Amino acid sequence: MTRDTPRGRAGRETATTSAGGPVTGDPVHPPPPGMAHPPDAGPAYAASDAGRHGDGGEARPRVLVLRALGLGDLLAGVPALRALRRAYPGHELVLATPAELAPVVAATGAVDRLLPAAEPGRAVPRSLDWTGPPPDVAVDLHGNGPPSHRLLTRMRPLKLLAFAHPRTPEVEGPPWFAEEHERDRWCRLLRAYGIDADPADLRLPRPDGPSPAPGAVVLHPGAGAPSRCWPVERYAAVARALRARGRRVVVTGGADEADLVARLAKRAGLPDTDVFGGGLPYHRLSALVAGARAVVSGDTGIAHLAVAHATPSVTLFGPVPPSRWGPPDHPRHRALWLPGPHGDHGDPHGHETDPALLRITTDDVLDALAALEEAP
């Protein structure tokens, strides 16, 4: 992959023309006029001026954080967000991220306000709907390329926390290490600016509602790209083997993965009550994961949610290794990674299942689940 920043499997830093406009990508779709935030978005939202003033009416300082990516990216950034919350207790912490992540943002306990921001392909947003004075501090948790740097410098922050890049020499940040784990990366960025950050600060509170399938093994066959999807027939073989041993198995999928979920369910002979396709609302998905016996998935958001809820998990890696996006080193998590003889990384945005994933067999997954059962 050749990009302005080696962001691995997550967002892209979009190139710009000499006039400053994006070369590719669709425009951002802001909320309708007069709508400060989407309906039913949850407590992470506030009206545009909420939280800007203290008890005496004076302007409240603000920290603007950019991480306009997906669920797994947000959860991997939780330790950094909480570190910023501790470092700036009197500031309003504003997170620029997709609006649909509002319930997750609220669950972190670190953010005062969500500023809707998204771009197709998880590229850098073209603009931010920022009003009022410039932020006191801006933090680039999106990438390290010039597009994200320049987006934030246009906000005219008093201070910018970001990694260095040769094309933005005015940003005097620490160096970017391409092979660093995502959680460690952002904590190291903050430590370079004197902010203590713990990469292990990942847990989310248990959901209030009950699980729709308590004690089930959750299979999630989808991912952000086909290259990170283990074959559906192998998931079905795992499901049949687990059901033969008396385990309840349920399958989940995103809003655009209904066909994938239906194919798995049909191959595995699952009843309709154990099929959760079409994208569960976050509160139900969170409750399902928190109450699961185990979660089996590729390198995608639900694997990070299992970590956040301390739910046993088996995560199938390829083309990106677990050293970049894997779970913490703990007996309740198993990361399966079978690279080729040269250990090459593939394309995390590719259109065909990566060879590293194809090396993982159904027996590998069943053995990993059995090891979880025996873990203390």
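Nothing fancy with the numbering, it's 1 onward along the sequence. Just so it is clear, the structure is predicted and the values come from calculations on it, not from any experiment.
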Salt-bridge contact Asp184-Arg324 (side-chain N to carboxylate O under 4.0 Å): no
Step-by-step side chain to side chain contact (heavy atoms under 4.5 Å, CB included) determination, Leu366 to Arg245: CA-CA 11 Å; Leu366 291 169; Arg245 298 172 189 175; 4.1 Å; yes
Inter-residue atom distance His304.NE2 - Trp325.CH2, 0.5 Å rounding: 6.0 Å
Sidechain N-carboxylate O distance under 4.0 Å for Arg228, Glu352: no
Side-chain heavy-atom pair Val137, Leu161 within 4.5 angstrom cut-off: yes
All pairs passing ring-ring contact (aromatic ring centres under 6.0 Å, His included) where residues 76-104 contributes a residue, at least two apart: Tyr88-His91
Flag side-chain contact, heavy atom, 4.5 Å: His165 against Pro146: yes
Student check: side-chain heavy atoms of Val94 and Asp112 closer than 4.5 Å: no
Student check: side-chain heavy atoms of Leu81 and Leu95 closer than 4.5 Å: yes
Sequence neighbours excluded, every pair satisfying ring-ring contact (aromatic ring centres under 6.0 Å, His included) that has a member inside residues 243-268: none
Glu180/Arg188 ion pair, N-O < 4.0 Å: yes
Under the ring pair (Phe, Tyr, Trp, His ring centres under 6.0 Å) test, residues paired with His181 that sit two or more places apart: none
Minimum heavy-atom distance between Ala83 and Ile195, given as atom pair plus value: O-CG2, 3.8 Å
Which pairs of donor and acceptor atoms, one on a side chain in residues 275-292, lie under 3.5 Å apart (sequence neighbours left out)?
{"unit_1": "Ser286", "atom_1": "OG", "unit_2": "His309", "atom_2": "NE2", "d": "2.7"}

Distance in Å, Leu152 CG paired with Leu128 CG, rounded so as to fall on 0.5 Å steps: 7.0 Å
Over 12 non-hydrogen atoms of neighbours within 6.0 angstrom of CG in Asp198: yes
Residue pair Leu372, Leu369: steps toward the side chain to side chain contact (heavy atoms under 4.5 Å, CB included) verdict: CA-CA 5 Å; Leu372 290 180; Leu369 286 167; 4.3 Å; yes
Sequence neighbours excluded, every pair satisfying ring-ring contact (aromatic ring centres under 6.0 Å, His included) that has a member inside residues 94-115: none
Inter- and intrachain pairs under side chain to side chain donor-acceptor pair (under 3.5 Å), touching residues 363-376, at least two apart: Arg247-Glu373, Arg293-Glu373, Thr361-Asp364
Residue pair Arg122 / Asp73, side-chain heavy-atom distance below 4.5 Å: yes
Pairing residues for Arg332 by the salt bridge (Lys or Arg N to Asp or Glu O under 4.0 Å) criterion, not counting sequence neighbours: none
Evaluation steps, salt bridge (Lys or Arg N to Asp or Glu O under 4.0 Å), between Glu92 and Arg85: CA-CA 9 Å; Glu92 182 190 25; Arg85 175 76 288 161; over 6 Å; no
Note, Glu119 side chain near Val124 side chain (heavy atom, < 4.5 Å): no
Listed once per pair and sorted, the side chain to side chain donor-acceptor pair (under 3.5 Å) pairs that draw on residues 266-275, sequence neighbours left out: Arg248-Asp274
Nonpolar side-chain network containing Val307, other nodes, edges under 4.5 Å: Leu202
Kindly list each side-chain donor-acceptor pair under 3.5 angstrom involving residues 207-224, sequence neighbours excluded, with atom names and distances?
{"unit_1": "Ser211", "atom_1": "OG", "unit_2": "Ala213", "atom_2": "N", "d": "3.0"}
{"unit_1": "His220", "atom_1": "ND1", "unit_2": "Thr252", "atom_2": "O", "d": "3.4"}
{"unit_1": "His220", "atom_1": "ND1", "unit_2": "Thr252", "atom_2": "OG1", "d": "2.7"}

Phe317 ring center near Trp337 ring center (under 6.0 Å): no
Set of residues satisfying salt bridge (Lys or Arg N to Asp or Glu O under 4.0 Å) with respect to Glu233, sequence neighbours excluded: none
Residues Arg86, Asp196: salt bridge by 4.0 Å N-O rule: no
Candidate pair Leu141 and Leu189, rule side chain to side chain contact (heavy atoms under 4.5 Å, CB included), full reasoning: CA-CA 9 Å; Leu141 297 187; Leu189 170 68; 4.1 Å; yes
Stepwise side chain to side chain contact (heavy atoms under 4.5 Å, CB included) check, Val111 with Val65: CA-CA 10 Å; Val111 176; Val65 183; over 6 Å; no
Test item: Pro79 and Trp186 side chains (from C-beta on) under 4.5 Å apart, heavy atoms: no
Spacing of Thr97 atom OG1 and Leu74 atom CG [to the nearest 0.5 Å]: 5.5 Å
Pairs meeting criterion ring-ring contact (aromatic ring centres under 6.0 Å, His included) with involvement of residues 221-240, two or more places apart: Trp230-Tyr235
Pro157 vs Pro134 side-chain heavy atoms within contact, under 4.5 Å: no
Connected via hydrophobic side-chain network under 4.5 Å: Leu336 and Val296: yes
Distance, nearest 0.5 Å, that separates CG of Leu66 from CE of Met155: 10.0 Å
Arg156 atom CZ, neighbour heavy-atom count above 12 within 6.0 Å: no
Option passing side-chain hydrogen bond (donor to acceptor under 3.5 Å, both in side chains) with Ser148 (candidates Thr168, Asp140, Thr153): Asp140
Salt bridge flag under 4.0 Å for residues Arg82 and Asp201: yes
